[in-house]
Amino acid sequence: MERDQHELYEYARDRIKQKKSLYFHFMVLLIGSLFLFVANKWLSFYPDRTWWTWAVALWIFLFLLHTIKVFIIDSFMNKHWERAQIDKLMLQQSKKLEQLKNDFDNAKSTAE
């Protein structure tokens, strides 16, 4: 497999892992929410309060953050974006080094 094909394969595999993890999180959220409801209402675990709604609301918020990370942030801040940012910074650093070298050479020639 060529390097480009291998990178595409790795990227696709990572995205599938992320989505699989998100779907698993969703299933655990559903089952966990059901369990919390049953624990509160039918098992009489603090039955005078509806604490399970707060727990599920917090869990849904965390799930939404996970969803945003997978479908929004990671879709455009991927390896291609990282590589472009690294190349950009390396170019800036090489320009600065070249400028410093030129300044040093100019200062050295005027001192002589």
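Every heavy atom of this structure was used, including side-chain atoms; hydrogens, water molecules and symmetry mates were not. Because the structure is predicted, anything quoted here is derived from the model rather than measured.
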Legend entry - Minimal non-hydrogen separation, Leu36 against Trp51, with atom names: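 Minimum heavy-atom separation between Leu36 and Trp51: CD2-CZ3, 3.7 Å.
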Nearest 0.5 Å please: distance from the [atom1] atom of [X] over to the [atom2] atom of [Y].
{"X": "Asp48", "Y": "Asn40", "atom1": "CG", "atom2": "CG", "answer": "8.5 Å"}
{"X": "Leu22", "Y": "Thr67", "atom1": "CG", "atom2": "OG1", "answer": "4.5 Å"}
{"X": "Glu2", "Y": "Glu7", "atom1": "CD", "atom2": "CD", "answer": "11.0 Å"}
{"X": "Phe35", "Y": "Leu43", "atom1": "CZ", "atom2": "CG", "answer": "7.0 Å"}
{"X": "Leu62", "Y": "His66", "atom1": "CG", "atom2": "NE2", "answer": "10.5 Å"}
{"X": "His25", "Y": "Trp59", "atom1": "NE2", "atom2": "CH2", "answer": "6.5 Å"}

Legend entry - Electrostatic pair Lys101-Glu98, nearest N-O below 4.0 angstrom: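 A salt bridge is absent here (no side-chain N lies under 4.0 Å from a carboxylate O).
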Legend entry - Beyond-backbone contact of Phe24 with Lys20, side-chain heavy atoms, under 4.5 angstrom: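 A side-chain contact is absent here, since even the closest heavy-atom pair is not under 4.5 Å.
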Inset, instruction - Go through Leu65 and Phe61 one step at a time and tell me if the side-chain contact (heavy atoms from CB on, under 4.5 Å) criterion holds. - result: CA-CA 6 Å; Leu65 290 178; Phe61 175 73; 3.6 Å; yes
Inset, instruction - Evaluate side-chain contact (heavy atoms from CB on, under 4.5 Å) for Thr53 paired with Phe37, printing each intermediate quantity in order. - result: CA-CA 8 Å; Thr53 56; Phe37 174 76; over 6 Å; no
Inset, instruction - Check whether more than 12 heavy atoms from other residues, nucleotides or ligands sit under 6.0 Å from atom CZ of Phe26, and answer yes or no. - result: no
Inset, instruction - Return yes when atom CZ of Arg13 has more than 12 non-hydrogen atoms of other residues, nucleotides or ligands closer than 6.0 Å, and no otherwise. - result: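 Atom CZ in Arg13 is packed in, count exceeds 12.
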Legend entry - Backbone N/O of Leu29 and side chain of Ser33: donor-acceptor pair under 3.5 Å: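 Yes.
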Hydrophobic cluster membership, with links at side-chain heavy-atom distances under 4.5 Å among I/L/V/M/F/W/Y: are [X] and [Y] in one?
{"X": "Val28", "Y": "Trp54", "result": "no"}
{"X": "Tyr11", "Y": "Val70", "result": "no"}
{"X": "Tyr23", "Y": "Met27", "result": "yes"}
{"X": "Leu64", "Y": "Phe71", "result": "yes"}

Legend entry - Any side-chain donor near an acceptor of the partner, Gln99 and Asp103, under 3.5 Å: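 Gln99 vs Asp103: donor-acceptor pair found between side chains.
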